[in-house]
Protein chains: 2
Amino acid sequence: MPEAPTAGTRREEVLHIAAQLFAEKGFKNTTVRDIADAAGILSGSLYHHFDSKESMVDELLVRFQTELFDRYDEILASDLDPRAKIEAAVRLSFETIDQRGPEVAIFQNDAAYLSSFDRFGYLEDRNRQSRQIWMTLLSQGVDSGALRKDLDIELVYRFIRDTVWVAVRWYRPGGKSSHHDVANQYLNILLEGITHG
Amino acid sequence: MPEAPTAGTRREEVLHIAAQLFAEKGFKNTTVRDIADAAGILSGSLYHHFDSKESMVDELLVRFQTELFDRYDEILASDLDPRAKIEAAVRLSFETIDQRGPEVAIFQNDAAYLSSFDRFGYLEDRNRQSRQIWMTLLSQGVDSGALRKDLDIELVYRFIRDTVWVAVRWYRPGGKSSHHDVANQYLNILLEGITHG
DNA sequence: GTCTATACCCGGATAGAC
DNA sequence: GTCTATCCGGGTATAGAC
């Protein structure tokens, strides 16, 4: 019985270490020697597992986005009402930051730079897809009467997108606030505002 | 009559070009040859004006932060009421993105990495100062009754900080929405929420 | 203030032994 | 799966002429 390719192999271990370093120092600032050192091997040995540093980050991003967008699709296809779908999408983001912090950080910090290479063209596609999802959710929110009609939903989309994902810069799993706490506080601010009704 | 050191000298021109490149591609991804090319000179000639690539970004960041924090201090010292001070601080951020986009982008994208060098230790100090300013503004907002008392103002601070500055990623001066428009929409969401009162 | 020429180092990657 | 050894390119920076 053959192992699943993503089991706890050495290769996966190394990839996990690389993810942490990329997230911490940035893709360009992380050398293959950094990765090898952290994995306790020599830099040349990395090339037994991967054919380049780029292909490491590529694999991390593709996997991550596939999973994430599958979950967005589930929310879109669910029978939740429009407001609940928006809440679910926000909660999903904070949960993802909690569970896939390195990948989120890499995406936030390095996607713009990586997008300039052909190989990473799919990052742009995913951005468009994300915008599409959120604009759908927000339009349905307005149409259903759940959201105010006087807002520029394009701007609302940008604010939500930016605010939920940049939290990866300060959120720490196991810290004082759980991802549920953070999501609740954020939704509270977003939906009700910080002043008295 | 001696010229002001920051007048339209060649040195200033070069620094301006460097700022744009750092903002666009990141500090590490910008080579001194890129800067020299864009300035129409050879890389060696840059060292007539600056003693290293690091000192270029250093000069940009120090100047920028000095100006910015002077303006925050003016707001703090003003006789505006607490809510108006918060609004003024938010408006200042969007105005700064409009007028000093490259510096804001460099700070957003590269400060974390640069902070790890002794030379850039002041970046951490400025972060602490910024937190102090915002926590003061928000506390006064709560105490005066302008803001809801049930919020975690530490989280509110982080959300405001992240959302206003991250807008540098998509805001374009001269575009469809002016920085005034963006500030108004943002304050509207922040203060009132996106649902019906 | 800019050029020519070049030193020097570091990063990514390869070949082949073990 | 890892090591030894090494190549090559590109990046920062310097020295001195013009």
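The sequence lines fix the lettering, A, B, ..., with proteins before strands; numbering per chain opens at 1.
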Quick one: label A:Leu42 by what it contacts on the DNA or RNA (base, sugar-phosphate, nothing), any heavy atom closer than 4.0 Å. base
Residues forming a side-chain hydrogen bond (donor to acceptor under 3.5 Å, both in side chains) with A:Gln99, sequence neighbours excluded: none
Contact span of DNA chain D against chain A, any nucleotide atom under 4.0 Å from a heavy atom, 5' to 3', runs D:dG1 to D:dT4
Lys NZ or Arg CZ of A:Arg100 over A:Phe64 ring: under 6.0 Å, within 45°: no
Roughly, in whole Å, what's the span from CZ in A:Phe22 to P in C:dG11? 14 Å
note: A:Lys53, atom NZ; C:dT14, atom C1'; distance rounded to Å ~ 17 Å
Rounded distance in Å - OH (B:Tyr47) to C1' (C:dT6): 14 Å
Report the distance from atom CZ of A:Phe50 to atom C1' of C:dT14, rounded to the nearest whole Å. 18 Å
Polar side chain donor-acceptor pair, B:Tyr122 to B:Asp58, under 3.5 angstrom: yes
Using a 6.0 Å cut-off, check whether atom NE2 of A:His16 has over 12 heavy atoms from anything other than its own residue. no
Could you state the atom-to-atom distance from CZ of A:Phe117 to C1' of C:dG12 in whole Å? 14 Å
Closest-nucleotide mapping onto DNA chain D: is A:Lys28 or B:Asp51 further toward the 5' terminus? I mean the 5' end. A:Lys28
cation_pi(B:Lys25, A:Tyr113) dist<6.0 Å, angle<=45: no
Flag this pair as yes if the NZ/CZ of A:Arg161 is under 6.0 angstrom from the six-membered ring centre of A:Tyr157 and inside a 45 degree cone about the axis; otherwise no. yes
Give B:Arg33 one of three labels, base, sugar-phosphate or nothing, depending on what nucleic acid heavy atoms sit under 4.0 Å from its own. base
